[in-house]
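Predicted model only: the values in this text are computed from it and were never measured.
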Protein chains: 2
Amino acid sequence: MAHIIVVGNEKGGAGKSTVSMHVATALARLGHRVGALDLDLRQRTLGRYLDNRYAFLKKSGMDLPSPVLAELPQIEADSLTPGENAYDHRLSHAVAELEGKSDFIIIDCPGSHTRLSQVAHSLADTLITPMNDSFIDFDLLARVDNDGVKILGPSVYSEMVWSARQLRAQAGLQPIDWVVLRNRLGAQQMVNKMKIERALERLSKRIGFRIVPGFSERVVFRELFPRGLTLLDLKDVGVKQLNISNVAARQELRDLIKALNLPGVEV
Amino acid sequence: MAHIIVVGNEKGGAGKSTVSMHVATALARLGHRVGALDLDLRQRTLGRYLDNRYAFLKKSGMDLPSPVLAELPQIEADSLTPGENAYDHRLSHAVAELEGKSDFIIIDCPGSHTRLSQVAHSLADTLITPMNDSFIDFDLLARVDNDGVKILGPSVYSEMVWSARQLRAQAGLQPIDWVVLRNRLGAQQMVNKMKIERALERLSKRIGFRIVPGFSERVVFRELFPRGLTLLDLKDVGVKQLNISNVAARQELRDLIKALNLPGVEV
Ligand SMILES: Nc1ncnc2c1ncn2[C@@H]1O[C@H](COP(=O)(O)OP(=O)(O)OP(=O)(O)O)[C@@H](O)[C@H]1O
Ligand SMILES: Nc1ncnc2c1ncn2[C@@H]1O[C@H](COP(=O)(O)OP(=O)(O)OP(=O)(O)O)[C@@H](O)[C@H]1O
Ligand SMILES: [Mg+2]
Ligand SMILES: [Mg+2]
C-alpha cells in the first residue's frame, strides 16, 4: 500500500509545487519508489518540473533517482458508471497505476478549489500544507482580528480539509496526518514572524494540524526549475562546492523529511 | 469614463492582491476616486484587505483616503437575457455601479482560469501582471529551454491575454496597455535575476508587453493586512519614523505608479 502524500493549499503560490518536487526527489534519492501526480491540469508546474528533469537527464546521459510522473488517463464517457464523476474516475485510475510500483505517491494540488483537489485530500495519509509567512496566507486557514492575535473562525481551506476528514472517517480510513509548514521565511522580520508563529500554534490546537520546520526564501529552491534539478542533485551534476545557502537548504529539506515521520524513512 | 486597471496572472501567489491594494490605495491617497472589485470569489483577499481597512478606520475613528469596494451583485436567474452568462452580467453591473463615481477601477483577478477573469481581461485599459522572480512563474507566460535562455512558445496565460486582446480589437476598443512587473525581488541572487530579466526582455518584444519596476521582498508589503493598512498610511497612524526598508518600499510604489502612465496622474 503506497503511502499517499497530498500537498495542498487553496492559496496560490504557497509553495505546493516546490514542496512536492523537493519532497518527492528527496524520497527518491533515499532509495524509495516515488510516484507523482499533478492535479493542476492547466499550469502543471510539477509535471513541467519533472518533464524538464527527464529531458535534462536524457540530454546529458545522466541517470539520477527520480520520481515517476503519471498523467491522469483520458477516458471514454461510456466507461463511467452511472452518476460517477469523470475526474474521480481519472484520479482513482492514476493512483491505481502508481500503487503497485510506489512506496510513496506525491499528489500536487492546484491553488484553487477543484473537484480533483477535494477528492485528493480525502485520499491523503499525509497532507502537507505550505504557506507564506504572511497573514494574507493565514487568512485562508482562519480569520484573525485587527491585531492578528485572536482567532475569529475557520476559513475556506480549513473547512475543505475538515470535509475531507469527515469523508475519510465515514469510510473508516486512518485519520489524515495534517502538517503545516511555513515557506519563503525571511532572515529577519522578527515581529511579523513571531505573530504568525503564535497565531499558528493557537490554530494548530484548534483545528488539528501539527507544525513542521519549513523553508527559508532561497533562490536555489527555484533557479533549477528549467533543468528539473533540485539542490540535492547539485553534487551529481558537477557542482563541487555547495555555497552556504545551499548547505542550509539541504538541512531544511532534511529536517522536513524527518518531521514528516513517514513509514520506512530513515534520514 | 473610468480607466480600468485589471491585475491578472493565472499563476498563484504572483502578488496580484498585494499590487491591487497598493496601487488602489496609492491612487486614492493622490486624490483620485478609486473603485475596487475582487473577482476571487472564494478567497477574496482584496475584499478582506479592504474590509479590514474599513473596520480599523471605524474602530480608530480615523478617516484615510480609501478605495471603494464594490461586490458583484446577486442576480435573479430570470433577469438574464437568453444565452447571457450570469457572471458576465454580474461583472458588467458591478463595473457600471462604479463607473459614474470613479476615476479608476481596480479589478483583482483570481490565480486560476475563470470566466470572470477572462471577461475582466477584455475590459482592461491597463493590465498589470505581477510575477515572482522565478522560472516557475515565467513558465505561465512562456516555455523556455533547459538553460532558461531560448523561448520555445507561449503558455496558457499569454494565450489567455491574447484572446482578450482579440475580443477587444473586434469590439473596436483601445488596445490594452499590458505591463509586467517582478515582485518579491531578492536583494542578491544576481545570476537568476539576470537570466529572468533577459528572458523577460526577449519575451516582451515577442508578445507585446512592457516591463515596469516592481517590488522587492519586504515584510511591510504584507504585515499590515490585518489592519487593512499600507506603508503609505504609516505616518497617519502615528508611526513617526519610517525605517529604511519602508522608505525604499515607498519609492518602489512611487516608481510603479509613475511607470503606469495613468491618465491625469501626477506623482
Ligand atoms: N523556499 C522558496 N525559496 C524561494 N522561492 C520559492 C520558495 N518556495 C517557492 N518559491 C517560488 O515561489 C513561487 C510559488 O511557488 P510554487 O509555484 O511552488 O507555489 P504553488 O503553491 O505551487 O503555486 P500555485 O498555487 O500556483 O500552484 C514560485 O515562483 C517558486 O519558484
Ligand atoms: N513584495 C512583497 N513582499 C513581501 N511579501 C509579499 C510581496 N508581495 C506579495 N507578498 C506576499 O506573498 C503572498 C502572495 O501574494 P498575493 O496574495 O498578493 O498574491 P496573489 O497573486 O494575489 O495570489 P492568489 O493567486 O492566491 O490570488 C502573500 O502572502 C503576500 O503577503
Ligand atoms: Mg503549484
Ligand atoms: Mg489574490
Side-chain angles (χ1 to χ4, degrees), chain A residues 9-18 21 40 42-45 48-49 52 55-56 59-60 110-114 132-140 143-149 155-157 184 186 188-193 195-196 217-228 245, chain B residues 9-18 21 40 42-45 48-49 52 55-56 59-60 110-114 132-140 143-149 155-157 184 186 188-193 195-196 217-228 245:
Chain A
N9 192 339
E10 202 174 322
K11 182 67 180 84
K16 298 177 287 295
S17 304
T18 297
M21 182 65 185
D40 194 331
R42 249 179 86 90
Q43 300 186 18
R44 246 191 117 249
T45 301
R48 299 268 303 131
Y49 208 143
N52 290 346
F56 175 78
K59 197 168 74 172
S60 60
S112 53
H113 186 50
T114 65
N132 282 287
D133 191 36
S134 166
F135 277 109
I136 281 187
D137 282 44
F138 197 98
D139 200 54
L140 273 284
R143 283 165 297 115
V144 293
D145 65 4
N146 273 131
D147 303 308
V149 174
S155 299
V156 284
Y157 183 67
R184 305 191 72 175
Q188 304 122 0
Q189 304 160 12
M190 280 307 147
V191 176
N192 185 65
K193 211 184 269 187
K195 278 189 158 185
I196 302 264
E217 169 77 19
R218 300 183 189 283
V219 75
V220 70
F221 280 117
R222 62 174 184 253
E223 66 184 331
L224 303 174
F225 170 79
R227 288 188 289 163
S245 179
Chain B
N9 192 339
E10 200 173 323
K11 183 68 181 83
K16 298 177 287 296
S17 303
T18 298
M21 182 65 186
D40 194 330
R42 248 178 87 91
Q43 300 186 15
R44 247 190 114 250
T45 301
R48 300 268 303 132
Y49 208 143
N52 291 346
F56 174 78
K59 196 168 77 174
S60 61
S112 54
H113 186 51
T114 65
N132 281 288
D133 190 35
S134 166
F135 277 109
I136 281 186
D137 282 44
F138 197 98
D139 200 53
L140 273 284
R143 281 164 300 114
V144 294
D145 64 5
N146 273 130
D147 303 309
V149 174
S155 299
V156 284
Y157 184 66
R184 305 192 73 175
Q188 305 124 1
Q189 304 159 12
M190 279 307 148
V191 175
N192 184 65
K193 211 185 268 186
K195 278 189 158 187
I196 302 267
E217 168 77 22
R218 299 183 189 282
V219 75
V220 71
F221 281 117
R222 62 173 185 253
E223 65 184 332
L224 302 175
F225 170 79
R227 289 186 291 164
S245 178

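In terms of heavy-atom pairs under 4.5 angstrom with chain A, the leader among B/V219, B/D137, B/V144, B/I196 is B/V219. Among the candidates B/R184, B/R227, B/R218, B/Q188, the residue making the largest number of heavy-atom pairs closer than 4.5 Å to chain A is B/R184. Of all the listed residues (B/N52, B/D139, B/T45), the one sharing the greatest number of non-hydrogen pairs under 4.5 Å with chain A is B/D139. Ranked by heavy-atom pairs under 4.5 Å with chain B, the list A/G111, A/S134, A/G186 is led by A/S134. Ranking A/P110, A/G228, A/P226 against chain B, the residue ahead of the rest is A/P226, based on heavy-atom pairs under 4.5 Å. Most heavy-atom pairs under 4.5 Å with chain A, from the set B/V220, B/N192, B/I136: that is B/I136.
In terms of heavy-atom proximity, A/N146 sits nearest to B/A55 at OD1-CB, 4.1 Å. Taking every heavy atom of both residues into account, B/S112 and A/S112 meet most closely at CB-CB, 3.8 Å. What you find for A/A14 and A/N9 is that their closest heavy atoms are CB-ND2, 3.7 Å. Contact between A/E217 and A/R222 at its shortest, heavy atoms only, is OE2-NH1, 2.7 Å.
In this structure, B/R44 CZ and B/S17 OG are separated by 11.0 Å, a value rounded to the nearest 0.5 Å. Rounding to the nearest 0.5 angstrom, the gap separating the CZ atom in A/F221 from the OG atom in A/S245 is 8.0 Å.
With a 4.5 Å cut-off on non-hydrogen atoms, A/L140 touches chain B through its side chain but not through its backbone. At a 4.5 Å heavy-atom cutoff, the contact between A/R143 and chain B is made by backbone and side-chain atoms alike. Looking at A/F138, neither its backbone nor its side chain comes within 4.5 Å of chain B, counting heavy atoms on both sides. Heavy-atom distances place no part of A/T114 under 4.5 Å from chain B, backbone and side chain included. Both the backbone and the side chain of A/F135 come within contact range of chain B, with heavy atoms under 4.5 Å apart. Contacts between A/D133 and chain B at a heavy-atom distance below 4.5 Å involve backbone atoms as well as side-chain atoms. Looking at A/K195, neither its backbone nor its side chain comes within 4.5 Å of chain B, counting heavy atoms on both sides. When heavy atoms are compared at a cutoff of 4.5 Å, B/F225 approaches chain A solely by way of its side chain, counted from C-beta outward.
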Next item on the list: Walk me through it: do B/V156 and B/E10 pass the test side-chain contact (heavy atoms from CB on, under 4.5 Å)?
Entry: CA-CA 8 Å; B/V156 284; B/E10 200 173 323; 4.2 Å; yes
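At least one donor-acceptor pair under 3.5 Å links the side chain of B/K16 to the backbone N or O of B/K11.
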